Each structure stands twice: as C-alpha cells, then as structure tokens.
Peer 1: 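This is the structure, below, for whatever I ask next.
Proteins come first, then strands; the chains are lettered A, B, ... in the order of their sequence lines, and each starts at number 1. Small disclaimer: the values here were computed from a predicted structure and weren't measured.
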Amino acid sequence: MAPDSLGFIFLNAFLINNFVLALFLGLCPFMGVSGKIKTAAPMGAAVTFVMLVASSCAFGINRLLVRFDIEYLRLIAYIAVIASAVQLVEMTIKKFSPTLFRMLGIFLPLITTNCAILGMALFQTFLEYSFIQSLVYSLGAGAGFSLALILMAGMREKLDLANVPDACMGTAAALMIAGLLSLAFMGFAGLGG
Amino acid sequence: MAADPRQPKPLTRQTLTEGLWKENPVFVMLLGLCPALAVSNTAINALAMGLASTFVLLGSSLLISLLRNFIPKQVRIASYIIIIATFVTAVDYIIHALSLELYNALGAFIQLIVVNCAILGRAEAFASKNPVRHSLVNGFGMGAGFTLALVMVGAVREILGFGSLFGVALFGEQFQTWAVFILPPGGFFVLSFWLVLFAVVAKRRAAKEVAHGS
Amino acid sequence: MNETSAPTIPEQVMPSPFRLIATLGLIAMLSGFVIVLVYQITAEPIARNQREALERAVFTVLPGAESRALFRADETGITLLTDEELAQANVFAGYDNQGQLVGVALTGSARGYGGEVRVLYGYDPAAEKIIGYTVLQSSETPGLGDKIEDDPNFLANFEALEVSLDPETGEVAQPIVTVKEGAKTEPWEIDGISGATVSSEAVGRALRESTLEWLPRVVSHLDVFKQAAGEDH
C-alpha cells in the first residue's frame, strides 16, 4: 500500500501506531474510564467525534497561521479550538442523552486535556497531511483509541473476578495489562507496509 | 467577590515535600502519565522532560498566583490554559535553541506538556488559591517529584534496554540489550513494577507499625 | 475564546461579559507578547543549530572533504547559492584541500515504519559510488528500526555502494535494492537488517528514488560543481 494512501493512513493511526498503546497519548481517560465496557464505548465515540471536529478546525487554522507567518501561535490556537469543540460535544450530549451525560461525568470536560486530541492535531500538521488525509487520520486515531479502551475494559471486567496479589491491585495490574496489550499491538508492525 | 477563604496557611515543609513523595504526581496521583511513559526510554530524555515540565509548572504557578484575584471564575480554565500554553511554547523554542538532538528526541511531547493534567491540576488546586511564595514552593516540589518519577522510570528502561545509564555504558560488550523495555510495552511494565514495589513497601511498613502498636 | 468552558456555578455577583472578555483578551495579549519575545531571542540559535547539524552531516557523508558549496537543483538546472540561502539548498558539493571535487551530497526520503525517514548520502561521480550516508531525521522504533542510524554492518553498505550511470542513456544502470541480511551479492544491493526490515527497506527506497531522479542531472552538470571550487573557498 502506498504510504500516502488513505487506507494506510487509517491503518497506521488505528493499529500500527495506535495512539494509546504505541504513542502513549490519552492515558488519563484510558486508565480512568476503562473499568466498564458500558462507559468505555461512549467515551471512545465522544473522543472520536471531538477528534474529527478538532482535526478539521486545526487544518483550517494551520492554513491561516502559515499564511500570516505566525506559526508560533499554533499551540495556543489549537488548544483553544479543542476546548471549544469539547464544549460543543458536551452540550450536544447533554441535550440528546442526559443519561449518557451523567455516565461520562467529569470525563467529558477532561477530553480537553486529553493529549490524544492535541497530539493528533499536532501530528497531522507535522506530517503535512491534506484535508482529506487529516480527516482519515483523525478517524483512525479515534477508532484506535476506542478499540484500545474497549479491549482494556473487557479485560478489566474479567480482572475484577480474578484473584490478584494485594500489592498488584488496581493501577499496577491495569498497567501490566496495558503493557501486554501494547506488546500484542507491536505485532502489527509492517502491516500494509 | 467570590467567597474565597484567603487565610494564607503558613509556609511549611509540607508545602514543598508533598509533591515529592506523598502526592507524587506520577506514582500516587497518576497524572501526566503520557509524557512519563512516552519519553522515558532513556534517563536523559526523562530528565529533560521533567525539567521542562518543572519550568512550565513554576512559570504558570507564578503567573496564575499573581493573577488569582483578577481572573473571574467563569473564564479561569481558559485563562490557565492560555498561560500554560504560553510557557510551553517558550520551552519548546528554548529546547530547540539549546540542543537539536534533545529536541528531536522529545519530539511533539514538549508541546504536549500543555495537556499534562498535573500542571492544570496544580493551577486549579493550588496556585489559584494561594499566595505567590507558597505556589512557587509547591510547584517546585511537584515538579521535582515529577522529574524524580520520570528519571526513575527512564533509568530502569535505559539500563535494561540499552545497557547504559545517562548514556554511559554499564556492562561489557556482550550485554544482550532487552529491546522490549525501550519499546512502548516496556514503559507500562516499568511503571507498573515501581507501583507494585511501593505497594509492597507500604504494606510492610504498615504491618510493622501495627506490630509496634500492639 | 471559550468563556463557557468554566462550570457555571451560581455566584453572588456575575461579572459582566465585558469583564470576562477583557480578562481573556489581556491574558492573550500578555501571552502573545511573551511568545514573540522568546521567538525573537531563540530564532538565531535555532537556525544556527540546524545549519551546524547539516554541515556536520555533509562532512560525514563526504569523507575527505574540507570545504563545501551549496547548490539548488531544479527543472531549470543547477545554481550556486550563498551561505544565507542554505534553506533552499538541496545539493551540497564537498572539496578536498586542493579544491578537487570529492563528491556531492544529496537528500532522499521515504516513509518508514514510524514516519518519514530522511537521509543524506554522498556520491562520488568519479568512482560512480555512494561513499557515505547518514540519517537526517527518523522516528523509527528505538532498539529495532533505529539501527539504520548506527548499526556498523548496515553502515558498511554505504562505504562503496555502486550506482553507475548507463553511458548511452545517462540513466542509472542498476537501481539500488535492499535485500535480506547476508544476502548481498551485487555491488548495488544493500544488506538489510533483520528485525528492522521495514526501516532498512525505507532507506533503500529513499536512496533508489533519489538517485534515479537526481544523479543523471547532477552528473550532466558536473562542471558547475567543479567550477564552484575556485570561487568562494
């Protein structure tokens, strides 16, 4: 597959360089919301949606910044856009599904400080993707984040029933699982190469 | 004005040390994990990342604490993020000017300091409520704790993965490097290992105290 | 800006919207001021760092070179650049202490495992061989893919990698290919790194594409490079 093809870009963000398990982006919500599949899935969807919105905004803003030669304001501009996008998603969810809104709780505003989203915006800029490529990249990144979150939640639900040594309870065990998942994802190396 | 209980608590040793150990941002609060794992594959990268974050933490604590009575509650998060982003952009340029090699090694993660929850958390929980001196001391403690944690993770990964520490080879030529530790999974494993170690130590100590008490 | 991002906790006195916007505006101005200041101060050292890194790389890939000149090659031909125009340069020529052309350094890039791999290589037109190579930029996996930067066996490939031009057509006679580790039999083949197949193949692809595109042009303008030796060193 050609490295610039849309299929490869998606696969790259989705599996090969999975945002959570290979690039360590978005670990806070990954650790925080991966307790149950029921919350993990909507969280993944919310992040994916914010990513799509943020990606298209970031693309436009970067064009403007480059045009006026003020690239040093990029970080501030991006973070402002992401904060606004999160606000938008929050209002949408609150309006259409109050139950979901309660379930996601404090993690919704926390998407602002989810480094996966800022990371995605910065990477798409560094990689000089076109608008369509950026969108596909953000979709892949969001899907990859959701996949990691759901896989993790599935394993942690099982872990709750297992007999774990006291010292390894909680975060330590979760991190170990994340490490194993990450190891498994290393196997996608060279996929579609 | 907002009901703001501004009784400046005395500046105690606790203000400084709580961030170092008891409320260590990485090991205890599990904040700022992304940079802690992503750039901790060598001790030097970890140290540089820790120092950069500390600089941002100090700068933003100072400014936020100075402006704490001026910023209305409604726009405080937005203001904090702008202030933090300013310092991060500055650090980004400074590291780029100091060493190209370091800049390439840390990559986009310098800019991602801006979403390090540990820093926004400090701004919200401490600097916005305390006088400048307290905020600086506390920010310094937190930064030092963050750096310490990063270097602890980075050192283990570098020793096992490269057979060196701070770039100095520790073992002979025949040392077989353990590549998995510099790869992403290694980051998870090493952090997990430290957490288990701390839990075991804490448990031992608690058991001892109980034994003494009875 | 997102004034609404703070939770709307009911307050005794709600500040006027004007005050909110004014606060944010003031902070944004302050931040803009600080950033521009830092940007101005660091711009010079950053440019210097990048220049020095590139110079080091040019002298690494052209062993024996004592001085260098910058060129820009494009559709219209090859032009000599001054040191100030470094940013536009894409071909570098190295000369020994007698002012003789040692070789030219060119860049190549290809998508590797973790992103773009950019390499710089030195080409000796007299011997029709690549005589040096270095990685300018890569984000290959540490411990595996990044062996393309320092694995001694891999680097040995580029001490004398044949890229001869067909005397009749002027095109590259045998394009560079990457083969499995230990399988190199021809002088134009690159011995890959087992365990870093994607990365070593990316290096091969970067070199192949760059040599196919640029070498015919460079070799047909050799006099431009030789001439520049006397001018500004």
Side-chain angles (χ1 to χ4, degrees), chain B residues 1-4 38-39 41-42 45 59-60 63-64 66-67 70-105 107-108 124 157-158 160-163 177-184 186-187, chain C residues 1-17 19-54 56 114-115 135-139 141-147 195-196:
Chain B
M1 268 316 288
D4 196 12
V39 288
N41 50 6
T42 68
N45 287 355
S60 58
L63 212 58
I64 288 168
L66 273 175
L67 297 174
F70 169 73
I71 300 174
K73 263 213 159 73
Q74 289 79 358
V75 292
R76 67 183 196 291
I77 303 279
S79 313
Y80 298 163
I81 289 184
I82 295 179
I83 290 173
I84 294 171
T86 307
F87 282 101
V88 172
T89 312
V91 162
D92 191 54
Y93 281 117
I94 292 171
I95 291 187
H96 202 163
L98 287 179
S99 158
L100 197 62
E101 203 177 310
L102 196 60
Y103 182 77
N104 288 338
E124 169 79 356
R157 290 180 72 182
E158 191 181 344
L160 296 176
F162 286 115
T177 55
W178 213 349
V180 72
F181 278 97
I182 32 178
L183 296 176
Chain C
M1 209 60 38
N2 53 317
E3 293 93 327
T4 40
S5 79
T8 46
I9 303 159
E11 285 243 306
Q12 294 96 323
V13 188
M14 167 88 183
S16 71
R19 170 139 157 67
L20 298 184
I21 292 173
T23 312
L24 277 181
L26 217 69
I27 289 175
M29 259 167 58
L30 192 74
S31 113
F33 177 73
V34 171
I35 291 180
V36 171
L37 195 74
V38 174
Y39 177 72
Q40 298 282 0
I41 295 173
T42 55
E44 211 272 316
I46 289 176
R48 195 179 55 227
N49 273 348
Q50 259 158 350
R51 203 163 54 231
E52 279 169 5
L54 192 61
R56 260 201 311 278
V135 177
L136 292 179
Q137 179 202 328
S138 95
S139 41
T141 322
L144 296 172
D146 72 349
K147 282 187 189 154

Peer 1: Tell me the side chain to side chain donor-acceptor pair (under 3.5 Å) pairs involving residues 33-42 of chain C, sequence neighbours left out?
Peer 2: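 Side chain to side chain donor-acceptor pair (under 3.5 Å) check on residues 33-42 of chain C returns no pairs.
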Peer 1: Contact part of Phe70(B) toward chain C, heavy-atom cut-off under 4.5 Å: side chain, backbone, both or neither?
Peer 2: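 Interface part for Phe70(B): both.
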Peer 1: Would you mind checking which part of Thr42(B) comes under 4.5 Å of any heavy atom in chain C, side chain (CB onward), backbone (N, CA, C, O), both or neither?
Peer 2: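 Looking at Thr42(B), nothing touches chain C.
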Peer 1: Tell me which one of Leu63(B), Ile84(B), Thr86(B) satisfies side-chain contact (heavy atoms from CB on, under 4.5 Å) with Ser31(C).
Peer 2: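 Among the candidates, only Thr86(B) passes.
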Peer 1: Heavy-atom distance under 4.5 Å to chain B: side chain of Glu44(C), backbone, both or neither?
Peer 2: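 Looking at Glu44(C), nothing touches chain B.
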Peer 1: Show the nearest heavy-atom pair for residues Asn49(C) and His96(B), with the distance to one decimal.
Peer 2: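 Heavy atoms only, the tightest pair is ND2-O, 3.2 Å.
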Peer 1: How close do Ile71(B) and Thr23(C) get, counting heavy atoms only, and between which atoms?
Peer 2: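 Reported closest heavy-atom pair: CA-CG2, 4.1 Å.
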Peer 1: Got a second to check how far Ile41(C)'s CD1 is from Tyr93(B)'s OH, nearest 0.5 Å?
Peer 2: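 Ile41(C) CD1 to Tyr93(B) OH: 13.0 Å, rounded to 0.5 Å.
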Peer 1: Among the options Leu37(C), Leu30(C), Val38(C), Leu26(C), pick out the one with the most heavy-atom pairs lying under 4.5 Å from chain B.
Peer 2: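 Of Leu37(C), Leu30(C), Val38(C), Leu26(C), Val38(C) has the most heavy-atom pairs under 4.5 Å with chain B.
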Peer 1: Counting only heavy atoms closer than 4.5 Å, note whether Ser79(B) contacts chain C via side chain, backbone, both or neither.
Peer 2: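 Both backbone and side chain.
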Peer 1: Within the 4.5 Å heavy-atom criterion, are Ile83(B) and Ile27(C) side-chain neighbours or not?
Peer 2: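 Yes; the side chains approach each other to less than 4.5 Å.
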